[in-house]
Amino acid sequence: MSFLSPWLLLALLALPLIWWLVKAVPPQPRLHNFSSLLLLRRLTQHKQNAAHTPLWLLLLRLLAVTSLILGFSNPVWGPGEQKTAPKNLIIIIDNDWAAMSQWHERQIAFTRLGLKTLEKGGTVRVLLSTRLKNNQWPDIFQTSDPKQFKDYIAELTPSPWKPDRHHLTWLLSRPSFLPILRSSDVAIFSDGVADSSEQELISILAHSPHRQDIRWPDCHITQLYATLLSGNKIGVIAKKFENCPTKPLKLKALTLQKNGHFTPIQKWDITPNVYRTFSIESALLPSLHALTIEGTMSPAGLALLKAPSSTRSVGILRQSGDDKPLIGNVFYLKRALENFTLSKDITPSSLKQSQLSVILATDGSLSSDTASEEVLNWVQNGGILIRFAGPILGKSTAQILSPTQKALITVPLRQGERTLGGSMSWSTPQNLAPFPPNSPLYGLTVAKDVSVKKQLIAEPSETLSSHVWATLNDGTPLITARQEGKGWVILFHVTPTADWSNLPLSGLFPQILEKLIEVTPHVNGLNETGSIIAETSLSPWKTLSLKGTLEKPPLTALPLPRNNSDGVSATHPVGFYGVAPNIVPFNLVQNKNPLIKEPLLGVFTKPDLSPAHYALGPFLLVFALILLMLDLVLTICRHGNFSKITLRISIICLTLPILHSPSGYAASLTTPPEALQPSLAFIPSGQADTDEIVKEGLKGLTHFINQRSTAHLSTPRAVTPGQDNLAFYPVIYWPITTETKLSNDQAKALNEYMSHDGLLLIDEMGAGSLIGEKSLKTIQTILRNATKGLSIPPLELLTDKQTLARTFYILHDFPGRIAGQDAYIAHTQLDEGEDVSPIIIGNADWVHAWAIDDNNHTLFAVIPEGEDQRTLAYRFGMNVVMYALTGNYKYDQRTYPEMLKRLKTNGPSSIEEEGDE
């Protein structure tokens with residue numbers, strides 16, 4: 001046991017003085033005999049006063065004073081401490097990504113272990129396994145001062161990248177440090193994740209006389225690997241160690257906000273160590289930027305997919321008739337470019353003002369010299385032109401083409417088309433050959449069923465092979481390319497339709513276009529052998545912070561080599577790299593390899609996360625207080641006043657509950673809490689995910705209303721019609737799903753609620769829209785079946801003419817998560833005034849737009865106008881609540897324009913005719 005304030009123990013020297021003071025009695029009285037008072041000798045006293053303080057009471061008081069002194073001295077006691085601590089201790093700390101989620105507990109263990117050695121007068125050395133943010137290795141920390149050691153550990157932070165075991169092995173094996181290692185015990189706080197260099201580290205650590213590997217349970221470690229696939233699909237695997245329970249995890253799709261924060265837009269359940277593919281709605285795909293495992297705190301649980309600005313826009317130069325279904329040139333191109341944003345109404349003259357870096361040109365769209373000149377200037381400044389052959393280009397010859405048009409041709413072409421197969425040809429349609437190594441298409445799998453019936457033939461030349469990026473089996477070019485200025489011209493020797501080849505009908509066609517659009521901007525030219533010279537590095541665009549947000553890259557972040565094999569590091573943190581729109585993600589987890597446990601680096605030791613020392617001061621002070629109270633009671637008993645004191649204490653104990661009880665206690669037993677403060681309510685849908693979203697949405701709306709009005713609402717509640725009293729809730733939100741169905745008692749309760757000024761807000765949750773899973777006809781049938789038995793008045797379209805549109809905010813639109821959806825309200829006759837509608841039916845999915853988490857951050861993206869649309873959704877919700885609470889008191893605002901018009905026209909004359917008024 002030790003004392004944190006030992007100087008207070010000097011007060012123990014006062015115990016003899018206290019003994020003397022407590023034991024002191026008044027001086028002995030002098031005796032005088034008075035004859036007249038002899039009768040008093042025969043009187044018997046009922047109460048005897050002791051001449052001296054009893055020994056037991058004296059000891060009790062001394063024990064109380066001693067407890068007070070010891071309590072204020074802050075004594076601490078460490079149970080289970082080792083009797084012997086090493087004279088020299090080396091602590092190796094894995095402060096990498098895998099230690100982030102348990103960092104606080106690890107710091108406690110570091111401190112406790114080091115203090116054991118330092119309190120015995122030993123020396124502690126600390127080595128870290130990861131580099132600092134400036135990519136420098138931290139110096140070996142050495143100290144014999146406990147305070148200095150605690151300050152150092154308190155300032156340690158984990159690094160969101162992998163450890164460097166090679167450098168750690170080199171530090172330990174230096175000739176100057178090896179003697180220290182031989183005379184020191186080693187404590188390793190390992191992250192538990194395997195590396196390729198553990199054996200080297202184990203062999204060096206063998207020089208230490210005693211080694212312990214202190215590890216935490218490792219089932220919290222999760223690595224997420226994800227990649228975008230064709231067809232709006234995502235391939236995902238959440239990797240955990242094999243011995244961990246296979247409890248389902250929550251996978252969240254994230255969209256990146258302007259402030260760098262991620263917001264969920266969709267959720268799935270995923271089983272650890274099982275590779276799965278998920279489909280995402282086309283409307284949400286542009287907003288999908290990352291995936292994460294719910295509850296993870298390290299960058300290993302986050303997979304960046306694409307940056308907001310990395311979604312490349314592509315333009316198509318076309319001529320009339322190209323949009324015809326099945327036979328138009330643009331028909332197949334649009335379907336092959338589903339993963340890209342197509343810019344509309346692109347013309348050669350508008351290229352300078354556009355932000356496009358890639359355009360596709362159909363046959364005949366560059367026939368005029370004016371168009372060719374505009375496009376050529378754009379290409380020479382860095383643009384990429386992808387052309388397609390056709391009958392018009394096939395009729396052109398070198399003599400017919402102008403110099404500008406020749407510059408937009410990759411290689412000299414022979415006039416006319418080459419026909420493969422048919423009744424007038426000996427040849428047969430040709431299949432595609434594997435893509436050559438000097439092509440950006442190298443690596444794509446060639447489909448065996450793709451064949452070509454017609455093509456444009458290139459004139460043979462010595463440099464032809466350096467321009468060929470794809471060929472047929474007979475060696476004739478299919479795709480050729482040439483660098484023009486800072487840009488590129490790429491030519492398909494076939495049409496983008498199915499009349500010359502079946503390539504546009506295959507799954508290879510969109511892969512080829514995607515590869516050309518993404519890779520060609522990084523191609524810097526051709527070397528002497530005709531191979532592509534690609535960009536060697538990508539500059540950092542935004543990197544991931546320790547808070548889980550994307551921020552501007554630090555000054556220490558360096559360009560990322562394209563052939564980077566070292567993974568995430570201090571100079572290459574997790575984030576996005578490149579220049580818009582050619583931005584690529586760089587994740588901590590870059591493959592689907594399983595997560596493997598690291599072999600033990602020493603004797604396995606479980607970390608004891610209980611407090612290292614118990615503070616005895618509070619217990620001693622409480623003990624002293626009890627002794628003093630006991631002394632008071634015993635003193636009272638010795639003076640014979642115990643009965644009076646007991647009576648007073650009993651009276652106080654009996655009156656305390658009465659004083660604490662509020663007035664009207666009996667009434668509070670029967671009044672439910674819902675009646676004391678209004679709140680929003682919702683009818684459970686029976687689906688746990690939907691009900692959780694509705695609860696989060698109503699919580700967000702309540703937070704918005706409480707901040708902007710005096711209508712302070714309580715926490716939203718789930719209510720069941722027919723069981724709960726609905727009269728306490730001004731608005732009840734009812735999400736419609738496939739499982740929605742009302743019983744007769746529930747329909748009766750809702751009819752009663754609406755007839756007594758209650759407002760029922762029915763939301764079809766966006767079904768039938770672009771992000772809905774059910775068709776509009778299906779959800780209408782579900783809505784019709786769900787509302788059977790309800791007394792619904794005639795409805796009309798909700799517009800800005802109704803009172804609801806101006807009860808608090810003046811609104812002209814009523815969006816939710818999605819915009820452009822109609823809402824309906826009870827029909828009213830304008831001449832008869834407007835009653836408060838008992839029901840509102842809509843399809844805007846308002847709760848997704850309102851939903852917030854515990855930190856008041858929005859949870860889901862809104863489409864298509866972002867935060868401005870979310871603000872309108874909140875305002876609509878507030879108008880609904882105010883409409884339900886205040887009724888139609890703002891009905892007269894509807895007639896303001898007409899009233900002002902009449903006052904302006906007839907007001908002055910009528911007022912003058914009225915006389916004095």
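Shown here for Pro573 and Val568, the closest heavy-atom pair between the two residues is CA-CG1, 4.0 Å. The two residues Ser451 and Asn431 come nearest to each other via the heavy atoms CB-ND2, 3.8 Å. Nearest approach of Ala290 to Leu288, heavy atoms of both residues: O-CD1, 3.6 Å. Of all heavy-atom pairs between Pro815 and Ala844, the closest is C-CB, 4.1 Å. Here the shortest heavy-atom pairing between Pro348 and Ala371 reads CG-CB, 3.7 Å. The nearest pair of heavy atoms linking Ser367 to Gly364 is OG-O, 3.1 Å.
Atoms CG and CG, from Leu366 and Leu376 in turn, are 10.5 Å apart once rounded to the nearest 0.5 Å. A distance of 7.0 Å separates OH of Tyr332 from OG1 of Thr497, quoted to the nearest 0.5 Å. The line from CD1 of Ile234 to CG of Leu251 is 7.5 Å long, rounded to the nearest 0.5 Å. Expressed to the nearest 0.5 Å, how far OG of Ser501 lies from CG of Leu432 amounts to 8.0 Å. If you take CG on Leu872 and CD on Gln869, they are separated by 7.5 Å, rounding to the nearest 0.5 Å. Rounding to the nearest 0.5 Å places CG of Leu538 at 10.0 Å from NE2 of His572.
You'll find the side chain of Ile280 reaches within 4.5 Å of the side chain of Gln266, heavy atoms only. Side chains of Lys453 and Pro429 form a contact here, defined as non-hydrogen atoms less than 4.5 Å apart. Counting only heavy atoms from C-beta outward, the side chains of Leu491 and Val411 never approach each other to under 4.5 Å. By the 4.5 Å heavy-atom criterion applied to side chains, Leu420 and Thr428 are not counted as neighbours. Residues Leu478 and Val452 are in side-chain contact: their nearest non-hydrogen atoms beyond the backbone lie under 4.5 Å apart. Between Lys306 and His289 there is a side-chain heavy-atom pair separated by less than 4.5 Å. Proximity of Leu224 to Leu291: side-chain heavy atoms (C-beta onward) are separated by under 4.5 Å at one or more points. Using a 4.5 Å heavy-atom cutoff, the side chains of Ile346 and Ile316 are not in contact.
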Residue pair Leu337, Ile517: steps toward the side chain to side chain contact (heavy atoms under 4.5 Å, CB included) verdict: CA-CA 10 Å; Leu337 299 173; Ile517 293 172; 3.8 Å; yes

- request: Take Leu456 and Glu417, measure what side chain to side chain contact (heavy atoms under 4.5 Å, CB included) needs, and give me the verdict at the end.
  value: CA-CA 5 Å; Leu456 295 184; Glu417 309 100 18; 4.0 Å; yes

field: Test log, rule side-chain hydrogen bond (donor to acceptor under 3.5 Å, both in side chains), inputs Gln455 and Thr476
entry: CA-CA 9 Å; Gln455 68 175 140; Thr476 55; 3.1 Å; yes

- request: Show your reasoning for whether side chain to side chain contact (heavy atoms under 4.5 Å, CB included) applies to Val468 and Leu464.
  value: CA-CA 7 Å; Val468 175; Leu464 177 61; 4.2 Å; yes

field: side chain to side chain contact (heavy atoms under 4.5 Å, CB included) evaluation trace for Phe576 with Thr543
entry: CA-CA 6 Å; Phe576 290 106; Thr543 56; over 6 Å; no

Full working for side-chain hydrogen bond (donor to acceptor under 3.5 Å, both in side chains) between Thr480 and Thr410: CA-CA 6 Å; Thr480 54; Thr410 55; 2.5 Å; yes

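Between the side chains of Asn502 and Ser506, no donor N or O sits under 3.5 Å from an acceptor N or O. Using modelled atom types and a 3.5 Å distance limit, the side chains of Thr347 and Ser350 yield a donor-acceptor pair. Using modelled atom types, one finds a donor on one side chain and an acceptor on the other under 3.5 Å when comparing Ser402 with Asp369.
Partners of Glu459 under the salt bridge (Lys or Arg N to Asp or Glu O under 4.0 Å) rule, at least two apart in sequence or in another chain, are Arg414. Remark: Glu867 engages Arg870 in a salt bridge (Lys or Arg N to Asp or Glu O under 4.0 Å) (not counting sequence neighbours). Under the rule for a salt bridge (Lys or Arg N to Asp or Glu O under 4.0 Å), the partners of Glu484 that lie at least two apart in sequence or sit in another chain are Arg482. Residues satisfying the ring pair (Phe, Tyr, Trp, His ring centres under 6.0 Å) criterion with Phe586, sequence neighbours excluded, are Tyr577. Taking the side-chain contact (heavy atoms from CB on, under 4.5 Å) definition, one finds that Glu373 meets it with Asn377, Thr404, sequence neighbours left out.
With hydrogens and angles ignored, the 3.5 Å screen pairs no side-chain donor or acceptor of Gln257 with any backbone N or O of Phe262. The main-chain N or O of Pro496 is never found under 3.5 Å from a side-chain atom of Asn329 such that the two would form a donor-acceptor pair. At distances below 3.5 Å, not a single donor-acceptor pair connects side-chain atoms of His493 with backbone N or O atoms of Ile479. With hydrogens and angles ignored, the 3.5 Å screen pairs no side-chain donor or acceptor of Gln821 with any backbone N or O of Gly816. Asn587 contributes a side-chain N or O that, together with a main-chain N or O of Leu304, makes up a donor-acceptor pair within less than 3.5 Å. No donor-acceptor pair closer than 3.5 Å links the side chain of Ser439 to the backbone N or O of Ala470.
Outside the 6.0 Å centre-distance limit, the rings of Trp469 and Phe435 are not counted as a close aromatic pair.
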Run the side-chain donor-acceptor check on residues 383-393: report pairs under 3.5 Å with partners two or more places apart or on a different chain.
{"from": "Arg387", "atom 1": "NH1", "to": "Leu408", "atom 2": "O", "distance (Å)": "3.0"}

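Figure legend: Lys233 and Phe278 shown without cation-pi pairing, the cationic atom not lying both under 6.0 angstrom from the six-membered ring centre and within 45 degrees of its axis.
Electrostatic pairing of Asp474 and Arg418 counts as a salt bridge here, judged by a charged N lying under 4.0 Å from a carboxylate O.
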